[in-house]
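The structure appears right after this line, and notes come after that.
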Amino acid sequence: MEKQPDSTGSTQRLNQMLSRLKEHSFRITPQRLAVLKVLAVSEGHPSVERIYDTVRAEFPTTSIATIYKTVNLLKQLDEVLELGFPDGSNRYDGNKPYPHPHVICTECKKIIDPDLGSLEDLTREVVKETGFVIQNHRVDFFGRCRDCQARKA
Ligand SMILES: [Zn+2]
Ligand SMILES: [Zn+2]
């Protein structure tokens, strides 16, 4: 298992996801539980393939359809945030299932959540300037992470 920087937060998220799925009479198999555990942490914002690899290490008979089905249901319940990209790759954040800014490394493709305090001000400014009622937002920063900078140095 990966290190969990915020294990209380991810345990709480796991329990929230579990209770939402039970409300919808979704059967929690050990494979599905393993998917939820990966998403509760969402270290680096995994793709379906990454989740599949992690779950398969523990449950070799898991099918990728199980991963898709679980992720899609969580998406419908707003319990996971999907980040789509123009090349067709999707990444997931089940730890923070609401809109928030992301920093994306264009080399190793890792995605992290920066701690920004100024996004509410930005939203207010957008509302003031456009008169829109904002329902959602997507803020991505692209660049090279510290690890990738060090590798090239
Ligand atoms: Zn990188
Ligand atoms: Zn995120």
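Atoms within a ligand are numbered from 1 in the order they appear, just like the ligands themselves.
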Quiz item: How many protein N, O or S atoms are found at a distance of less than 2.8 Å from the Zn ion (ligand 1)?
Solution: 4
Self-check item: Face-on cation placement of Arg138 at Phe85 ring, 6.0 Å and 45° thresholds
Solution: yes
Quiz item: Got a second to check how far Phe142's CZ is from Glu107's CD, nearest 0.5 Å?
Solution: 14.0 Å
Quiz item: Between NE2 of His102 and NE2 of His45, what angle is found at the Zn ion (ligand 2), rounded to 10 degrees?
Solution: 90°
Self-check item: the Zn ion (ligand 2): angle it makes with NE2 (His100) and OD1 (Asp113), nearest 10 degrees
Solution: 90°
Quiz item: Do His24 and Leu77 have side chains that get closer than 4.5 Å, going by heavy atoms?
Solution: yes
Quiz item: In Å and rounded to the nearest 0.5 Å, what is the CE to OG1 distance from Met17 to Thr70?
Solution: 11.0 Å
Exercise. Could you check Asp53 against Arg50 for side chain to side chain contact (heavy atoms under 4.5 Å, CB included), going step by step and ending with a plain yes or no?
Key: CA-CA 5 Å; Asp53 287 342; Arg50 245 291 301 286; 5.8 Å; no
Practice problem: Check each of Asp113, Leu81, Leu39 against His45 using the side chain to side chain contact (heavy atoms under 4.5 Å, CB included) test, and report the only one that passes. | Solution: Asp113
Quiz prompt | N, O or S atom within Asp93 nearest to the Zn ion (ligand 2), by name | solution = OD2
Exercise. Count the heavy atoms belonging to other residues, nucleotides or ligands that lie under 6.0 Å from CD of Glu129, then report whether that count exceeds 12.
Key: no
